[in-house]
*Asks:* 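Got a structure for you, questions after.
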Amino acid sequence: MSPYAAGRRRVHRSVAAVVPLAVAAALLSARSADASAPAAQAQVVRTATLGDVPLGTFSNGLLPGSVADDRGVDLGGIGSDIYPAGRKGEFWTVTDRGPNGQIKVNGSKRRTFPVPGFDPAIVRIKVTGDSVHVLRAVPITTSSGKPVTGLPNQAGRDEAPYSYDARTALSYDPNGLDTEGIVRAADGSFWLVDEYGPSLVHVSARGEVLTRYVPRGLGLTGTDYPVVEALPEVLLHRKINRGFEGLAQLPGGDLVIALQSPLSLPDTDAGEASLTTRLLRFSPKRKAVTAEYAYRFDPVGVVDPGEDDTSELKISSVVAVGGDRLLVEERTDRAARLQVVRLDRKADILGGRWDDDTTSPSLEQLADPAGSGVPVLAKRLAVDLGKVAGVRGKIEGVARVDHDTLALINDNDFGMTDGTGAFDAQGRLVDSGIETKVVHVRLPRGI
């Protein structure tokens, strides 16, 4: 057994939920986005829980001395994405930037990094019964083998980093990555997406950053790995903490990247109110973006009944399901729906007026993009996870297990909460009690 599989204490393990993916022709013939019949029949078939592993033990086992004090935090955050590893019950996952939270100081929120030495990692897990075990972990490093860290990159563009109590300012790190989506290429290397740039990151099988692709004009300097400005400049308007989050690998090897939220174009208010985000198609062979698509969210109250804040909508996962078809997860922190879309060549908007940030009104400001001549991707509901008993909140990773089953993983935020109560008087974590779980869901009609 991996040394990471044992923890400080045993946790209660629930029954795993598996959502079989009924997304094939059945999905294409499904009803409109409001249809709920597939969701009503979908059911959880397994739930497995990750045991407690001290974060310092985990991190220092990969990069000795990287974490001086884990402040009582356990390994978590591996639910940023999940990708099949080729063996039954095994998956590749990836952590995000590490434990972080927010504390208000003099009326302004400060972003805290309680374990600033934490290095994002690629983690291979195995689901056995009601348990999730860590089989292997790969630290993400720079060209010289140093940790990339999860700290913000640029002053003035990214949130300023602070200590656990928000009292001490920390240094920015141009190498830092807020990793999210993950896929594995045929040659054994990995592709990840990052929220800071936002960026697409190519990583070797050993975890070394080979190339980080960022928007043109970003001007990121001081990195210890190659940075290439190859993405549309309009992405510089990404909302803070809402860069790239979903990543899929099409059968031919092309990648599809999902922007988590609408761009703040022309301003923050427009982005907060918008229902239109973007998907990009990237060719690893050409090392270039080859297409861009407008993706339209359902109203927030449809995705999450009772929620009225449109800015809570996000895309956290995209999954290739054959040909040019994808599953796209629309979610809030409490609910999620999976939509099936086909990447239609006629819907490509790359290099057009919607990539010009002087266009007025912007794509994000259009109340009815399709009515304004924008070729918005058509979609059909596969499953409403909010109606499937046993599916947890904040699902950030979705993987296809077989014809009719999906594996879902939640982001437990390393057990952190926001506010001054996140740590006790000794600076130790007051754990939220939320565990990392892999849930299998079976869909009644398959994928």
Side-chain angles (χ1 to χ4, degrees), residues 1-18 45-64 66-67 70 73-96 98 118-141 147-148 179-192 203-208 247 249 317 319 395-402 405-412 414-415 435-440:
M1 178 182 292
S2 162
Y4 303 124
R8 275 183 273 209
R9 54 186 170 80
R10 285 291 179 190
V11 295
H12 176 72
R13 293 178 166 92
S14 336
V15 181
V18 178
V45 295
R46 171 187 286 179
T47 298
T49 305
L50 177 68
D52 294 340
V53 180
L55 192 58
T57 301
F58 173 82
S59 295
N60 292 326
L62 301 177
L63 296 170
S66 57
V67 171
D70 65 13
V73 179
D74 285 326
L75 173 64
I78 66 171
S80 287
D81 203 4
I82 186 170
Y83 189 78
R87 293 185 179 181
K88 185 177 180 180
E90 295 187 14
F91 303 93
W92 292 105
T93 66
V94 64
T95 70
D96 58 16
F118 174 79
D119 185 53
I122 295 166
V123 184
R124 185 165 181 158
I125 62 171
K126 182 171 185 177
V127 176
T128 304
D130 61 0
S131 300
V132 175
H133 301 288
V134 173
L135 299 180
R136 178 187 171 198
V138 181
I140 303 172
T141 62
V148 297
T179 45
E180 296 292 345
I182 182 173
V183 300
R184 196 179 194 208
D187 64 2
S189 64
F190 297 93
W191 289 93
L192 311 171
V203 176
S204 75
R206 295 183 178 182
E208 176 188 340
L247 179 65
Q249 185 170 232
S317 185
V319 181
I395 296 297
E396 291 198 6
V398 179
R400 183 180 183 181
V401 175
D402 55 35
T405 305
L406 297 175
L408 316 176
I409 191 168
N410 68 306
D411 179 7
N412 80 326
F414 293 83
E435 305 287 354
T436 298
K437 295 181 181 290
V438 176
V439 175
H440 285 72

*Asks:* Evaluate V123 against F58 for side-chain contact (heavy atoms from CB on, under 4.5 Å), listing each step before the verdict.
*Replies:* CA-CA 11 Å; V123 184; F58 173 82; 4.0 Å; yes
*Asks:* Please round to the nearest 0.5 Å and tell me the distance separating atom CD of E396 and atom CD1 of I78.
*Replies:*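 Reported to 0.5 Å precision, the distance equals 12.0 Å.
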*Asks:* Within the distance-only criterion (no hydrogens, no angle test), does the side chain of D81 pair as donor or acceptor with the backbone N or O of I182 below 3.5 angstrom?
*Replies:*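 Here the side-chain-to-backbone pair exists.
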*Asks:* How many angstroms lie between CD1 in I125 and CG in L135, if you round to the nearest 0.5 Å?
*Replies:*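 Output value for this atom pair is 8.5 Å.
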*Asks:* If we count only N and O atoms by modelled type, under 3.5 Å, do the side chains of S80 and E180 hold a donor and an acceptor together?
*Replies:*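 Side chains of S80 and E180: pair found under 3.5 Å.
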*Asks:* Applying side-chain contact (heavy atoms from CB on, under 4.5 Å), run through V134 and V53 and close with a yes or a no.
*Replies:* CA-CA 10 Å; V134 173; V53 180; 5.5 Å; no
*Asks:* Do you know which two heavy atoms are closest between L63 and P147, and how far apart they sit?
*Replies:*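 Distance-wise, the nearest heavy atoms are CD1-CB, 3.7 Å.
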*Asks:* Do T436 and V132 make a side-chain contact, defined as non-hydrogen atoms from C-beta onward lying under 4.5 Å apart?
*Replies:*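 Heavy-atom side-chain distance check fails, nothing below 4.5 Å.
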*Asks:* Just by modelled atom types, is the G77 backbone N or O under 3.5 Å from a matching donor or acceptor in the N412 side chain?
*Replies:*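 The answer is yes, because a donor-acceptor pair under 3.5 Å joins these two groups.
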*Asks:* What heavy-atom pair brings A205 and G188 nearest, and what distance separates the two atoms?
*Replies:*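 Closest pair (atom of A205, atom of G188, distance): CB-O, 3.4 Å.
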*Asks:* Does V67 offer a backbone N or O that forms a donor-acceptor pair with the side chain of N60 under 3.5 Å?
*Replies:*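 A pair under 3.5 Å: yes.
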*Asks:* Tell me if the aromatic rings of F414 and F118 count as close, with their centers under 6.0 Å from one another.
*Replies:*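 Centroid separation for F414 and F118: below 6.0 Å.
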*Asks:* Can you tell me how far the CZ atom of R136 sits from the CG atom of L62, to the nearest 0.5 Å?
*Replies:*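 Here the interatomic distance stands at 10.5 Å.
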*Asks:* Which atom pair, heavy atoms only, marks the closest approach of A407 to V438?
*Replies:*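 Heavy atoms only, the tightest pair is CB-CG1, 4.4 Å.
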*Asks:* Do the side chain of N410 and the main chain of E435 share a donor and acceptor less than 3.5 angstrom apart?
*Replies:*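 Looks like yes, one N/O pair under 3.5 Å.
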*Asks:* Is a side-chain N or O of D119 found less than 3.5 angstrom from the main chain of I140, in a donor-acceptor match?
*Replies:*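 Checking the backbone N and O of I140 against the side chain of D119, a donor-acceptor pair under 3.5 Å is found.
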*Asks:* Taking all atoms of both residues into account, what is the closest heavy-atom pair of V398 and S317, and its distance?
*Replies:*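 Taking every non-hydrogen atom into account, N-OG, 3.3 Å.
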*Asks:* Going from OG1 on T141 to CD on E208, what distance comes out if it is rounded to the nearest 0.5 angstrom?
*Replies:*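 Spacing of OG1 (T141) from CD (E208) equals 6.0 Å.
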*Asks:* Between S59 and L55, is there a donor-acceptor pair closer than 3.5 Å when you use the side chain of the first and the backbone of the second?
*Replies:*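 Looks like yes, one N/O pair under 3.5 Å.
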*Asks:* Please confirm whether the backbone N or O of R184 pairs with a side-chain atom of Q249, one donor and one acceptor, at under 3.5 Å?
*Replies:*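 A pair under 3.5 Å: yes.
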*Asks:* For F91 versus P84, what's the shortest heavy-atom pair and its separation?
*Replies:*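 Minimum heavy-atom contact is CD2-CA, 3.9 Å.
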*Asks:* What distance separates T93 OG1 from I409 CD1, expressed to the nearest 0.5 Å?
*Replies:*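 Between atom OG1 of T93 and atom CD1 of I409 there are 5.5 Å.
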